[in-house]
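Values below: all heavy atoms of this structure, side chains included; hydrogens, waters and symmetry mates excluded.
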Amino acid sequence: MAGKRVVALDVGDVRIGVAVSDESRIIAQPLEVYKRVGYTPDCRYVQGVCQRYDTDLVLLGLPLNMDGSCGPQAQKAMAFGQVLADAGLHVFFQDERMTTVTAERVLIGGNVRREDRKNYVDKLAAAVILEQWIASGAQVPDDQEK
């Protein structure tokens, strides 16, 4: 059964990595890296990505501390998630601990030069976040599928 795509974000202080699922939510594809400007333009950017892929479902990586607690970075991600929700998007969160490390390892394994990795690591981390969410079997509530 096809549904809406999910746009996944790896939100950092400087950049946002973006990935998107297919309509069946089986495949996560790294998309692009966006350089942050501020909440309002960042939100408009995410809304534009969602329009491009005909969805309002957004998955944000939640950078929890290694002990599972919420630190300052997780609070920043939740605050941005609230901005997106206030703009009418349906926002979900996925624990993103170690996703950047995983993305770095993939790039190193692919022989991507150190100076080139920063161009890819954030969007690859977003794809890892989305893959983990898909693998967890997380479901979108039926009322948000329409």
Side-chain angles (χ1 to χ4, degrees), residues 1-37 39-66 68-70 73-113 116-146:
M1 178 186 105
K4 289 183 185 176
R5 294 175 185 260
V6 175
V7 171
L9 307 176
D10 178 33
V11 180
D13 289 331
V14 177
R15 293 178 302 276
I16 298 175
V18 184
V20 65
S21 74
D22 63 324
E23 291 176 349
S24 299
R25 297 190 201 124
I26 295 171
I27 299 167
Q29 175 183 348
L31 195 58
E32 57 200 28
V33 177
Y34 167 79
K35 189 167 173 72
R36 296 197 70 181
V37 181
Y39 272 162
T40 300
D42 296 352
C43 180
R44 279 197 300 264
Y45 164 78
V46 174
Q47 288 176 307
V49 172
C50 288
Q51 285 177 338
R52 230 183 331 171
Y53 289 95
D54 194 27
T55 188
D56 59 0
L57 305 176
V58 180
L59 177 69
L60 268 73
L62 190 61
L64 299 172
N65 293 325
M66 290 311 288
S69 63
C70 279
Q73 288 305 112
Q75 291 171 351
K76 287 179 187 179
M78 289 188 290
F80 186 55
Q82 187 60 55
V83 169
L84 297 175
D86 291 346
L89 300 173
H90 297 289
V91 178
F92 307 91
F93 293 94
Q94 171 68 32
D95 180 355
E96 71 161 54
R97 285 178 282 184
M98 305 300 289
T99 55
T100 301
V101 172
T102 301
E104 282 277 353
R105 287 183 182 150
V106 168
L107 293 170
I108 290 167
N111 294 319
V112 176
R113 294 164 37 117
D116 293 334
R117 283 185 220 142
K118 73 176 188 306
N119 299 323
Y120 300 100
V121 70
D122 296 311
K123 66 183 175 182
L124 192 54
V128 171
I129 291 164
L130 185 52
E131 287 171 351
Q132 290 175 348
W133 184 79
I134 290 168
S136 76
Q139 299 292 315
V140 174
D142 288 340
D143 65 329
Q144 294 177 5
E145 284 286 357
K146 296 174 174 50

- request: Determine whether Leu59 and Ile129 make a side-chain contact, defined as any pair of heavy atoms from C-beta on separated by less than 4.5 Å.
  value: yes
Side chains of residues 74-87: which donor-acceptor pairs under 3.5 Å do they make with residues two or more places apart or in other chains?
{"unit_1": "Lys76", "atom_1": "NZ", "unit_2": "Asp13", "atom_2": "OD1", "d": "3.1"}
{"unit_1": "Lys76", "atom_1": "NZ", "unit_2": "Asp13", "atom_2": "OD2", "d": "3.4"}
{"unit_1": "Lys76", "atom_1": "NZ", "unit_2": "Gln73", "atom_2": "OE1", "d": "3.1"}
{"unit_1": "Gln82", "atom_1": "NE2", "unit_2": "Asp86", "atom_2": "OD1", "d": "2.7"}

statement: Nearest heavy-atom contact between Pro30 and Ala19 is CA-CB, 4.1 Å
- request: Find out whether Tyr53 and Lys4 are in side-chain contact, i.e. whether some heavy atom of one side chain is under 4.5 Å from a heavy atom of the other.
  value: no
- prompt: Which heavy atom in Ala8 sits nearest to a heavy atom in Leu130, and how many Å separate them?
  reply: CB-CB, 3.7 Å
CA sep, side-chain torsions, deciding dist, call: Val18, Val49, side-chain contact (heavy atoms from CB on, under 4.5 Å): CA-CA 9 Å; Val18 184; Val49 172; 4.2 Å; yes
message: Going by side-chain contact (heavy atoms from CB on, under 4.5 Å), name the residues that satisfy it together with Val37, two or more places apart in sequence or in a different chain.
response: Tyr34, Pro41, Asp42
- request: Evaluate the side-chain proximity of Ser21 to Ile27: yes if any heavy-atom separation is below 4.5 Å, no if none is.
  value: no
Check: Thr55 and Val6 side chains under 4.5 Å, non-hydrogen atoms: no
message: Using only atom types and a distance under 3.5 Å, with no angle test, would you say the side chain of Asp122 pairs donor to acceptor with the backbone of Val33?
response: no
- prompt: Side chains of Val11 and Arg36: does their closest heavy-atom pair fall under 4.5 Å?
  reply: yes
- prompt: Is there a side-chain contact between Leu9 and Val58, using heavy atoms and a 4.5 Å cut-off?
  reply: yes
Leu57 side chain near Val7 side chain, heavy-atom distance below 4.5 Å: no
- request: Starting from the C-alpha separation in whole Å, work towards a yes-or-no answer on side-chain contact (heavy atoms from CB on, under 4.5 Å) for Leu62 and Gln94.
  value: CA-CA 6 Å; Leu62 190 61; Gln94 171 68 32; over 6 Å; no
- request: Starting at CG of Asp10, measure out to NZ of Lys123 and round the result to the nearest 0.5 Å.
  value: 13.0 Å
- prompt: Can you list the residues that meet the salt bridge (charged side-chain N to carboxylate O under 4.0 Å, His left out) rule with Arg52, with sequence neighbours excluded?
  reply: Glu32
- prompt: Below 4.0 angstrom, N of the basic side chain to O of the carboxylate: do Arg5 and Asp54 qualify?
  reply: no
message: Strictly by ring pair (Phe, Tyr, Trp, His ring centres under 6.0 Å), give each pair with a member in residues 12-33 just once, sequence neighbours left out.
response: none
- prompt: For the atom pair CD (Glu96) and CG (Leu60), what is the distance rounded to the nearest 0.5 Å?
  reply: 9.0 Å
